[in-house]
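Lettering follows sequence order; numbering is per chain, from 1.
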Amino acid sequence: MLEKTFDPKTAEPRLYAAWEASGAFAPIDDPAAEPFSIVIPPPNVTGSLHIGHALNNTLQDVLIRFERMRGKAALWLPGTDHAGIATQMVVERKLAQEGNVGRRDLGREAFVAKVWEWKAESGGQIVNQLRRLGASCDWSRERFTLDEGLSAAVRKVFVALHKEGLIYRDKRLVNWDPHFQTAISDLEVEQREMEGQFWHFAYPLEDGSGEIVVATTRPETMLGDTAVAVHPSDERYKDLVGKKVRLPIVGRLIPIVADEYADPEKGSGAVKITPAHDFNDFQVGKRHGLPMINILDDFGRINDEAPQAYRGLDRFVARKKVVEAFEAAELLRGIEKVKNTVPHGDRSGVVVEPYLTDQWFVNAEVLARDAIKAVEQGDTVFAPRHWEKTYFEWMRNIQPWTISRQLWWGHRIPAWFGPDGAVFVEETEEEAKAKARRHYGRDEPLRQDEDVLDTWFSSALWPFSTLGWPQKTEDLARFYPTHTLITGFDIIFFWVARMMMQGIHFMGEAPFKRVFINALVRDATGAKMSKSKGNVMDPLELVDEFGADALRFTLTAMSGAARDIKLSKPRIEGYRNFGTKLWNATRFAQMNGCARAEGFDPAKVQGTLNRWIVGETVRTATAVTAALADCGFDEAANALYRFIWNVYCDWYVELAKPILNGTDEAARDETRATAAWALDVILKLLHPVMPFLTEELWAQTAGQGAPREHAGFLMTARWPELPESLIDPAADAEIGLIIDAISEGRSVRQELNVPPSARPALLVVEATEAQRGVLAASAPLIAQLLRVAEVKFEGAAPAGSIPYVVAGATLALPVAEFIDLAAERARLTKEVASLGSEIDKLGKKLGNPDFVSRAPEEVVEENRERLAEAQAARAKLEAALARLGGA
RNA sequence: GGGCGGCUAGCUCAGUUGGUCAGAGCACCUGGUUUACACCCAGGGGGUCACAGGUUCGAACCCUGUGCCGCCCACCA
């Protein structure tokens, strides 16, 4: 016998261990089985499971369990990401806390060893947390972006793209993070709005004939100015073009150039040009062949290009000092307060600087072409569809991707430099040496590029590198392309777009057929949760409190497209209760000897009630299957919730009780078998969302008489495929009448304060033959659930009986001795009024000739019927009201 | 500046192709020792579907505009 409630704390670890040990997470071996694969968005090794992971991985697990049960060779390939900056940051912080030396003192090799050490110790944390959630990943295939196979893939891709000219090295302005002393890509720059100032500076003309005023929000950059630009057609400055100004503080003579970039409408119309520290100025500088003077070092301090007094100063200290100098020289022409957006590093949070360095870039524009086409053609479909716009928008305006990072933790760039700076890009040092030998005609010492690759470079290969590429593995042949990617919209650019580009380029086919974008779970302030911000909620605590299934069901039910999810405990509690409800329904079945007989055929069921629940079960199975096949996770969850609680428990079980307690053995046995059958279907349908509780129930009900499939895990049971022919409309109508008769009757009783202990009769005053038959046949049922003594068929309602109308039939409760006349009058008046307004509405509609002539026939007919029904019901109730008399 | 999403009951949200679509859960109120379940059962109150126009026989749903809220991208001398 089942306990009163499910105990997730003991059951979850036990069930998960059993699943995992059985090998059920691996795709089935059957070569005939259709492959269905998904790759996990690899969480950072530094990470611990936050609520966003919980959502994302729950949905993946729901999908993979569903497809696995449908008989597919279902693979959910797990793994983790080495997360360059994030991980390096964590380990550096840890070193600092331990009072050790910094990473630079330690040296590259020792530091990287430390990171691996750390990874071995705590890198597996998130993977175990996924297990607690119930994730049925195939752990035997777990990968890590820095493991040997994936690193080989990275080198191969880098070299191949380099040979194709799609990866190149260039000296250009990049976003520089002075905190981490590395370049970062555009995507890693976060614009933040800040209170800033415009400083207006006067630059004196060389010939002493006057000055030209420029404005800046970054005064320190003037130390690197190499020109002032004015618009070619700006009359004010026409005569000054070609002249020179003497740059204050620095003393350098710089030209006044004419360039369309200068906007006559803005400020003075003249703009200072700092080619080495501003993206627009860089272009101007190139056009005019201006010197590019870099005034910063890697840490964002002023370097030796500036006058002595400024050297070594932090950029913000220098800013102040520059302003002071202008003020002292009486060249400060004004200060304006402005709001401006300032670029920050998304990891470091510090202001990033445009910085002139040698970096490696990917020509993303070329790779993007086919990736755009794939989505245009529908080879890959986004769900919800509108995310395709976001994807296209970015892809069509894609910029070169800066892939080199001045970090130590990551894939070292496979490029070696000779003494003269010639570069040899090869997969191994041996090959590079060989190439160098051919190049120089002798052995020369080579130096490998110090930089590592952007973490997303390796993530971009994830759908095929994890399957063994560049080896031609069986897995790769079988599981690429993957079927569905489930991820958050925050990484569409970082990850999805780049996987599309690399997948198509190297595999010739887009890496997924479908990309499902799940909502992003935000914190209370609406801010995006992230590890580095530390504003994460802990799903594991929720698992402890309510069980994994309750959390999973909640996330699934709330996963409706394109919305933020704000999790609330009462909601999780409610779904925990839902699990308990099912648990107890199973317990009830068990207590009543409901076991599914071998060979039970739902098509052969006789009893109306049983035929009805078979049909309802079929409807639910159909709806859930369709929903899950289409990533309609919330729809599936809600359909299950309604069916299990409001149909199976509230009505089927209640209506079955009299039969189970009755004397008709054949009916009882059939009901027992049907109840057990329906529960089996329910357990299967619910399993993807609530795997633990359903698996436990499956095991606990695997007693005598159960079909053989109970011997195995529910997670490997066959998904129900039930024909629509099992739905019996006649049974639906009959049970519908009974349910309405009971519901309405209960409502009458309660509103009139008839004591619960009272047992009046239920009078059938007026009804069709068919209705009488149904009500007569189910009299005991109705008697029990409506708490009436009997169901009587009489020609007219006696005085003091309370009538109500159900499906055109008039029923009545003779409860004269209990009722409060005023209450009854109020009830009837309310009913009559409500029917009246419906009649008015329908009458108006049907009175409209346009409606009658233009609306579809069936809609008009339906409205006519509704009107007739409402009118009849109102007449009956008005009559009753009249009989009641008084006022 | 460009784009996307949202605005439905006190709260969190469902409402597929316009026609039982005005709903659910929680909260609230009333009643309940119906032997599966109080993590329960029964009943009930509560909304001008942000606003304004338009299309239509008919609009929460389609179109246009407005207003808030949130996000993304770009730019900012």
Side-chain angles (χ1 to χ4, degrees), chain A residues 2 4-6 186 191 196 198-201 213-218 221 228-229 261-263 266-274 278-281 338-342 384 386-387 389-390 393-394 397 489-490 492-493 520 522 526-528 546 550 557-558 560-571 573-592 630 632 634-635 638 641-642 646 649-650 653-654 657 661 742-743 746-751 753 755-757 784-785 787 838 845 848-856 858-860 862-863 866:
Chain A
L2 289 170
K4 274 195 134 183
T5 56
F6 175 57
D186 298 350
Q191 301 291 343
F198 259 143
W199 285 273
H200 297 261
F201 292 158
V213 176
V214 296
T216 182
T217 53
R218 296 186 296 151
T221 61
V228 169
Y261 166 65
D263 182 350
K266 282 189 188 169
S268 66
V271 55
K272 63 192 267 315
I273 301 296
T274 322
D278 182 282
F279 290 100
N280 289 308
D281 293 5
V338 289
K339 268 200 176 126
N340 61 343
T341 51
V342 181
H386 70 255
W387 288 111
K389 284 187 198 167
T390 306
E393 180 65 20
W394 189 69
N397 298 299
F489 56 76
D490 54 327
I492 289 178
F493 305 149
L520 198 66
R522 294 175 185 280
K528 178 172 149 183
F546 300 106
M558 295 178 82
R563 304 256 334 199
D564 302 339
I565 293 181
K566 290 173 213 150
L567 211 53
S568 70
K569 278 199 177 186
R571 190 96 183 214
E573 193 181 359
Y575 290 128
R576 188 271 318 268
N577 296 349
F578 166 69
T580 306
K581 184 76 182 175
L582 173 62
W583 182 269
N584 279 291
T586 309
R587 188 160 174 265
F588 169 81
Q590 202 178 42
M591 291 169 85
N592 282 277
D630 200 31
D634 54 333
E635 278 177 67
N638 290 326
Y641 185 96
R642 279 193 300 272
N646 302 123
C649 292
D650 286 351
V653 168
E654 293 305 320
K657 279 177 181 173
N661 293 329
I742 294 168
S743 293
R746 280 172 175 167
S747 181
V748 168
R749 287 185 69 129
Q750 195 106 11
E751 278 185 68
N753 298 319
S757 54
Q784 178 159 337
L785 295 184
R787 304 172 71 75
E838 194 186 341
K845 211 174 195 180
N848 181 347
D850 284 332
F851 173 70
V852 178
S853 62
R854 310 183 89 147
E858 65 218 58
V859 173
V860 176
E862 192 189 322
N863 278 277
R866 247 191 285 159

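Listed by chain and number, the residues in a salt bridge (charged side-chain N to carboxylate O under 4.0 Å, His left out) with A:Arg866 are A:Glu862 (sequence neighbours excluded). The side chain to side chain contact (heavy atoms under 4.5 Å, CB included) search around A:Asp630 returns none, not counting sequence neighbours. Checked against salt bridge (charged side-chain N to carboxylate O under 4.0 Å, His left out), A:Glu838 has no partners two or more places apart in sequence or in another chain. For A:Asn397, the side chain to side chain contact (heavy atoms under 4.5 Å, CB included) criterion is met by A:Glu393, not counting sequence neighbours. Shown here are the side chain to side chain contact (heavy atoms under 4.5 Å, CB included) partners of A:Thr580, two or more places apart in sequence or in another chain: A:Thr5, A:Arg576, A:Asn584. Take A:Trp394 and apply the ring-ring contact (aromatic ring centres under 6.0 Å, His included) test, not counting sequence neighbours, and it matches A:Phe493. Remark: A:Gln784 pairs with A:Lys657, A:Pro658 by the side chain to side chain contact (heavy atoms under 4.5 Å, CB included) rule, at least two apart or across chains. Residues satisfying the salt bridge (charged side-chain N to carboxylate O under 4.0 Å, His left out) test with A:Lys4, not counting sequence neighbours, are none. Residues passing the ring-ring contact (aromatic ring centres under 6.0 Å, His included) test with A:Phe578, sequence neighbours excluded: A:Phe553, A:Tyr641.
Within 4.0 Å (heavy atoms only), A:Val653 reaches at least one base atom of the nucleic acid. Nucleic acid contact class of A:Lys266 (heavy atoms, under 4.0 Å, all strands): base.
Nucleotide B:rG43 holds its P atom 12 Å from the CZ atom of A:Arg749, rounded to whole Å. In this structure, CD of A:Gln784 is placed 7 Å from C1' of B:rU34, rounded to the nearest angstrom. As a whole-Å value, the separation of A:Tyr641 OH from B:rA24 C1' is 8 Å. For A:Asn646 and B:rC41, the CG to C1' distance is 13 Å, given to the nearest whole Å. Taking atom CD of A:Gln191 as the reference point, atom C1' of B:rC75 lies 9 Å away to the nearest angstrom. When the P atom of B:rU34 is taken as reference, atom NZ of A:Lys657 falls 10 Å away, rounded to whole Å. The distance between atom CG of A:Asn753 and atom P of B:rG32, rounded to the nearest whole Å, is 10 Å.
With C1' as the reference atom, B:rU20 and B:rC61 are 16 Å apart, rounded to whole Å. Taking the C1' atoms as reference points, B:rA60 lies 14 Å from B:rC51, given to the whole Å. Across the P atoms, B:rA42 and B:rG18 are found 36 Å apart, a figure rounded to whole Å. Nucleotides B:rA59 and B:rG53, compared at atom C1', are 14 Å apart to the nearest Å. The gap from the C1' atom of B:rA9 to that of B:rG46 amounts to 6 Å, rounded to the nearest Å. Here the separation of B:rU66 from B:rU48, taken at their P atoms, is 26 Å to the nearest Å. Here the separation of B:rC71 from B:rU64, taken at their C1' atoms, is 24 Å to the nearest Å.
Under 3.5 Å, the side chain of A:Glu654 and the base of B:rA36 form at least one donor-acceptor pair of N or O atoms.
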Atom pairs, N/O to N/O, protein against nucleotides 38-40 of chain B, distance under 3.5 Å?
unit_1 : atom_1 : unit_2   : atom_2 : d
B:rC39 : O4'    : A:Asn577 : OD1    : 3.0
B:rC39 : O2     : A:Arg576 : NE     : 2.9
B:rC39 : O2     : A:Asn577 : OD1    : 3.0
B:rC39 : O2     : A:Thr580 : OG1    : 2.6
B:rC40 : OP1    : A:Asn577 : ND2    : 3.2
B:rC40 : O3'    : A:Lys581 : NZ     : 3.1

Nucleotides 53-57 of chain B: which of its N/O atoms have a protein N/O under 3.5 Å away?
unit_1 : atom_1 : unit_2   : atom_2 : d
B:rC57 : OP1    : A:Arg854 : NE     : 2.7
B:rC57 : OP1    : A:Arg854 : NH1    : 2.3
B:rC57 : OP1    : A:Arg854 : NH2    : 2.9
B:rC57 : O2'    : A:Asn848 : ND2    : 2.8

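You'll find the side chain of A:Trp387 reaches within 4.5 Å of the side chain of A:Ile492, heavy atoms only.
With a 3.5 Å limit on both pairing distances and Watson-Crick or G-U wobble geometry required, the stems of 3 or more pairs in RNA chain B span B:1-7 with B:67-73, B:10-13 with B:23-26, B:28-32 with B:40-44, B:50-54 with B:62-66.
Remark: A:Ser747 is not in phosphate contact with B:rA42, judged by side-chain N or O atoms under 4.0 Å from OP1 or OP2.
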